[in-house]
Chemist: 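Dropping the structure in here first, questions after.
Numbering of residues begins at 1 and proceeds along the displayed sequence.
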Amino acid sequence: MRFREMGAAVRVLARNDLARYSGGGTSETSRFEAELGRMLGVEHALAVNSGTSALIGALVGAGIGPGDEVLVPAFTWVATAAAPLAVGAVPVLVEIDASLTMDPADLARKITPNTRAVIPVHMLNLVCDMDAIMKVAAEHDIVVIEDTCQAIGVRHHGRRVGSIGHVAAFSFNQHKNITCGEGGAVVTNDRRIHARAAMHHDVGSYERPGWIETEALFPGVNHRMPELSAAVLRPQLAALDAQLDRRRRRRQMVLDRIASGPWRGVATAPHHDEPDAVGLALTFDDPERARTFGALRGARRLIDSGRHVYTNWQSVQAKRSYHPLFDPHGWAGREVDYGPDACPATLEILSRTCSVELAPEVPTPAFRFLTRAMGR
């Protein structure tokens, strides 16, 4: 933890107001929400305790529930698929394309009369083709919930990801661009979505002013963000653009080396906003070459990334809930396929593709290998 974050944590500890509503005045959490909203250019930001909570809150806010289908990419952290199940809906798998994000063409093919929402995921700081996805969603009147957990701060044609869809979810867990260990946020320009998500995230919301005047009450849970988390996030948010700039420079170093070196059978995964690209992945002509490169620290062959691949979502594949009467698949109008053959294009792409860590602090062995040894 850096000095700025340590100082922020000490400030909260000194006040002894560790919960959002335990003290008077403006809380660290409220300040973080305001700063996040300003950065993204959205009207409403709601801090929660995890990215999974943010996805669930976004779905609740959008009114998604039993009998609904939610389209999710076959390459994403399992929480993207588990969140619809938590509100009684069922996830439906969509192929990714070479960009490692949702394929808009397959998205259009997977829409049924029960489709109510789509969750495009900006994986590894690689942005989705949001123009195409928003077009498909508008044609079929479905809600777009951006899963921006792995790409906070990144832009798509001048707009911050998370500000393009109807609502977005962020994560601040240990491996994200900014982190407090665990945390998340729901952001939207829709007052009703925000009010419903706020009511859901706080079981005591009916006593909080300014959130729910226009919404009928329903009981919530406790997904609130604690003050320590918000305090640790605020200085990181202020420094986020500088951090992303360092990642962009490192990405360009790799691209320059690839362009000048004797690289054959390898290409960078395409980006939907190349001038502002932050994330980097390499696609090889042979899965074994990808496996070899993925063994380097700071790289990973994506087919080996565990619960980011739909074939490893055992809890989703089980089609069960904690109680037999609360089974979303019992409310679905059809059988949904999560088997190994459901998204073959995704598996083929992931078997040949490696992510490259561009952490702005210490260069990884994979990064040094790309910018030095392979350039000779």
Side-chain angles (χ1 to χ4, degrees), residues 12 18-22 26-40 42-64 76-87 117 119 121-122 143 145-153 161-163 165-208 210-212 215 218-234 236-237:
V12 172
L18 303 185
R20 177 172 188 169
Y21 301 108
S22 63
T26 303
S27 71
E28 293 289 330
T29 308
S30 296
R31 290 187 176 98
F32 173 71
E33 289 171 340
E35 291 160 1
L36 178 63
R38 282 195 297 271
M39 185 200 77
L40 296 172
V42 298
E43 293 184 20
H44 307 289
L46 175 72
V48 294
N49 60 4
S50 73
T52 304
S53 298
L55 285 165
I56 294 170
L59 288 159
V60 170
I64 306 303
T76 180
W77 178 243
V78 63
T80 310
L85 293 166
V87 301
I119 309 181
V121 183
H122 306 291
V143 177
I145 301 171
E146 286 183 81
D147 182 332
T148 324
C149 293
Q150 294 195 13
I152 184 172
V161 293
S163 68
H166 301 99
V167 58
F170 289 89
S171 170
F172 310 120
N173 101 331
Q174 183 66 35
H175 306 290
K176 304 306 189 287
N177 292 345
I178 63 174
T179 177
C180 58
E182 290 288 356
V186 181
V187 304
T188 183
N189 285 313
D190 188 305
R191 176 178 171 78
R192 184 163 190 253
I193 290 177
H194 173 256
R196 288 173 55 85
M199 200 184 312
H200 177 262
H201 104 294
D202 179 12
V203 71
S205 63
Y206 54 87
E207 292 187 347
R208 317 293 186 203
W211 272 348
I212 57 174
E215 287 300 307
F218 59 81
V221 293
N222 179 15
H223 287 169
R224 298 188 301 264
M225 176 178 282
E227 288 287 272
L228 275 171
S229 296
V232 168
L233 286 168
R234 289 182 61 209
Q236 294 178 70
L237 186 67

Chemist: Please give me the minimum heavy-atom distance between Gly183 and Met225, naming the atom from each residue.
Modeler: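 So the minimum-distance heavy-atom pair works out to CA-CE, 4.2 Å.
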Chemist: Locate the shortest heavy-atom distance separating Ala45 from Val187; write the atom from each residue and the value.
Modeler: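 Shortest heavy-atom separation between Ala45 and Val187 comes out as CB-CG1, 3.9 Å.
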Chemist: Identify the two heavy atoms, one from Ala185 and one from Ala54, that lie closest to each other, and give their separation to 0.1 Å.
Modeler: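 Smallest heavy-atom distance, with atoms named: O-CB, 3.3 Å.
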Chemist: Could you measure the distance from the OG atom of Ser229 to the CG atom of Leu18? Nearest 0.5 Å is fine.
Modeler: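 The OG atom of Ser229 sits 10.5 Å away from the CG atom of Leu18.
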Chemist: Between atom CG of Leu55 and atom CD of Glu146, what is the distance when rounded to the nearest 0.5 Å?
Modeler: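 Reported value, rounded in 0.5 Å steps: 11.5 Å.
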Chemist: Look up atom NE2 in His223 and atom OG1 in Thr52, then write down how far apart they are to the nearest 0.5 Å.
Modeler: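 OG1 of Thr52 is found 9.0 Å from NE2 of His223.
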Chemist: Quick check: does any side chain N or O of Glu33 sit under 3.5 Å from a backbone N or O of Ala47, one acting as donor and the other as acceptor?
Modeler: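 Side chain of Glu33 to backbone of Ala47: a pair is present.
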Chemist: Inspect the contact between Glu28 and Arg234 and indicate whether a charged nitrogen and a carboxylate oxygen are less than 4.0 angstrom apart.
Modeler: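 Yes, charged N to carboxylate O under 4.0 Å.
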Chemist: Please find the pair of heavy atoms, one from Ser53 and one from Asn49, that lie closest to each other, and give the distance.
Modeler: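 Smallest heavy-atom distance, with atoms named: OG-OD1, 2.6 Å.
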Chemist: How close do Gly162 and Ala168 get, heavy atom to heavy atom, and via which atoms?
Modeler: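 Residues Gly162 and Ala168, closest heavy atoms: O-CB, 3.3 Å.
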Chemist: Please tell me if the side chains of Phe170 and Leu40 come closer than 4.5 Å, counting only heavy atoms from C-beta onward.
Modeler: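 Yes, side chains in contact.
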Chemist: Between Thr179 (side chain) and Lys176 (backbone), is there a donor-acceptor pair under 3.5 Å?
Modeler: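 No, Thr179 side chain to Lys176 backbone: no donor-acceptor pair under 3.5 Å.
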Chemist: Any luck finding a side-chain donor-acceptor pair between Glu227 and Thr29 under 3.5 Å?
Modeler: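 Yes - a donor-acceptor pair under 3.5 Å links their side chains.
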Chemist: Between CE of Met39 and OG of Ser163, what distance do you get to the nearest 0.5 Å?
Modeler: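 Here the rounded value is 9.0 Å.
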Chemist: Aromatic rings His200 and Phe218: how do their planes relate, parallel, tilted or perpendicular, breaks at 30° and 60°?
Modeler: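 The arrangement is tilted - the two ring planes meet at 30° to 60°.
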Chemist: Is the shortest side-chain heavy-atom distance between His201 and Arg224 below 4.5 Å?
Modeler: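 They are in contact (side-chain heavy atoms under 4.5 Å apart), so the answer is yes.
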Chemist: Is a side-chain donor or acceptor of Asp147 paired with a backbone partner of Ile119 at a separation under 3.5 angstrom?
Modeler: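 No, because the side chain of Asp147 does not come within donor-acceptor range (under 3.5 Å) of the backbone of Ile119.
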Chemist: I need the Asn189 CG to His194 NE2 distance, nearest 0.5 Å.
Modeler: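 Going from the CG atom of Asn189 to the NE2 atom of His194 covers 11.0 Å.
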Chemist: Which heavy atom in Ala117 sits nearest to a heavy atom in Ile64, and how many Å separate them?
Modeler: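 Shortest heavy-atom contact: CB-CD1, 3.9 Å.
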Chemist: Do Leu59 and Ile145 have side chains that get closer than 4.5 Å, going by heavy atoms?
Modeler: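 The answer is yes; the side chains approach within 4.5 Å.
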Chemist: With rounding to the nearest 0.5 angstrom, report the CG to CZ distance, Leu36 to Phe172.
Modeler: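 Atom-to-atom, Leu36:CG and Phe172:CZ are 5.5 Å apart.
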